[in-house]
Amino acid sequence: MILNEEMILEIFENSGALLRGHFLLTSGRHSNVYFQCAKVLQYPGYAEKICGVIAEHFKSFQIDTVIAPAIGGIVVGQEVARQLNKKSIFTEREDKSLTLRRGFTLEKGEKVLVCEDVVTTGGSVFEVIDIVKNYGAEVVGVGYIVDRSNGKVNFGFPQFSTIKLEVISFTQDECPSCKDGIEVIKPGSRKIK
Ligand SMILES: [Zn+2]
């Protein structure tokens, strides 16, 4: 069974990946929603189901290898590759730029699907696309779990997300939760319900 957006949202809430409250984001802005994809991927059964939506979307594509940027993308790339029965490799950061290490390599003309957990600006995915091109391999598509770009990112290849979660954030001055006097929480810094 292929999950629809409503079912995915339910899994996010059940796993604590999607929290509702009053949060201080790393950007310094405030939001009433906080999303942490690792919280859902910590459950292999959920990872299998959600990554299955990406695998299903790309199953008719000619793919040799799935590649993902560390760290967030690794679980997604591995699970999508497992379901498509393809090779899975990842890039990792070395001196600020992403690179292939551990003896990973790409052949000229190798067909590559790029996977990621969350796309906001798409920075890591654009870097991975450049790496694939530098090896003379071919990007055939980009698959990711959550699109948080508010529709702004275009990778220039067939791209697919299982769900779109718009980021709605406020400056402290305009934040409705601040006006209501609700305590702001920095996610990860303390235990939150
Ligand atoms: Zn606030």
Side-chain angles (χ1 to χ4, degrees), residues 3-54 57 68-80 90-93 95-98 114-129 142-156 159-193:
L3 305 182
N4 59 33
E5 289 210 2
E6 201 178 319
M7 296 153 91
I8 292 169
L9 211 52
E10 199 180 313
I11 290 174
F12 287 171
E13 292 188 351
N14 288 345
S15 62
L18 187 65
L19 300 174
R20 297 178 195 281
H22 181 202
F23 303 106
L24 175 63
L25 306 180
T26 47
S27 62
R29 294 172 66 87
H30 292 194
S31 180
N32 54 12
V33 171
Y34 180 72
F35 181 72
Q36 173 50 266
C37 204
K39 293 282 288 251
V40 67
L41 296 176
Q42 71 183 318
Y43 301 106
Y46 285 156
E48 179 178 14
K49 282 185 182 169
I50 293 175
C51 294
V53 181
I54 298 173
H57 181 83
I71 295 173
I74 294 180
V75 175
V76 181
Q78 180 74 28
E79 180 57 25
V80 171
F90 57 86
T91 64
E92 55 200 303
R93 219 159 274 290
D95 299 331
K96 288 185 182 167
S97 52
L98 284 175
V114 181
C115 282
E116 175 64 301
D117 58 349
V118 180
V119 165
T120 306
T121 63
S124 296
V125 170
F126 280 114
E127 274 189 74
V128 173
I129 289 171
V142 182
Y144 41 108
I145 295 177
V146 181
D147 186 344
R148 305 214 71 185
S149 78
N150 297 349
K152 287 196 188 86
V153 174
N154 180 2
F155 293 114
Q159 63 188 65
F160 174 77
S161 64
T162 71
I163 192 168
K164 289 176 174 56
L165 287 180
E166 297 231 340
V167 183
I168 299 162
S169 65
F170 313 92
T171 64
Q172 192 171 337
D173 289 344
E174 64 194 11
C175 175
S177 299
C178 281
K179 289 196 177 103
D180 291 344
I182 300 165
E183 187 193 355
V184 68
I185 288 165
K186 190 164 184 258
S189 66
R190 51 169 281 194
K191 232 176 172 189
I192 37 182
K193 270 189 181 174

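Excluded from the calculations below are hydrogen atoms, water molecules and symmetry mates; all remaining heavy atoms, backbone and side chain alike, are included. Residue numbers run from 1 in the order of the sequence given. Whatever order the structure lists them in is the order used to number ligands and atoms, beginning at 1.
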Other residues, nucleotides, ligands: >12 heavy atoms within 6.0 Å of I71 CD1: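 No, not enclosed.
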
Atom CD of E10: over 12 foreign heavy atoms under 6.0 Å: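 No, because the 6.0 Å sphere around CD of E10 holds 12 heavy atoms or fewer from other groups.
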
salt_bridge(K96, E127) N-O dist < 4.0 Å: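 No, K96 and E127 are not salt-bridged.
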
F35 and F12 aromatic ring geometry - parallel, tilted or perpendicular at 30°/60° bounds: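 Ring orientation of F12 relative to F35: tilted.
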
Aromatic plane relationship, F126 with F155 - under 30° parallel, 30 to 60° tilted, over 60° perpendicular: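 F155 and F126: tilted rings.
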
Under the ring pair (Phe, Tyr, Trp, His ring centres under 6.0 Å) test, residues paired with F170 that sit two or more places apart: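 In terms of ring pair (Phe, Tyr, Trp, His ring centres under 6.0 Å), with neighbours along the sequence ignored, F170 is linked to no residue.
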
Residue and atom names of protein N/O/S atoms that fall under 2.8 Å from the Zn ion (ligand 1):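 Under 2.8 Å from the Zn ion (ligand 1) - ignoring waters, which are not counted - the protein N, O or S atoms are H22 NE2, H30 ND1, C175 SG, C178 SG.
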
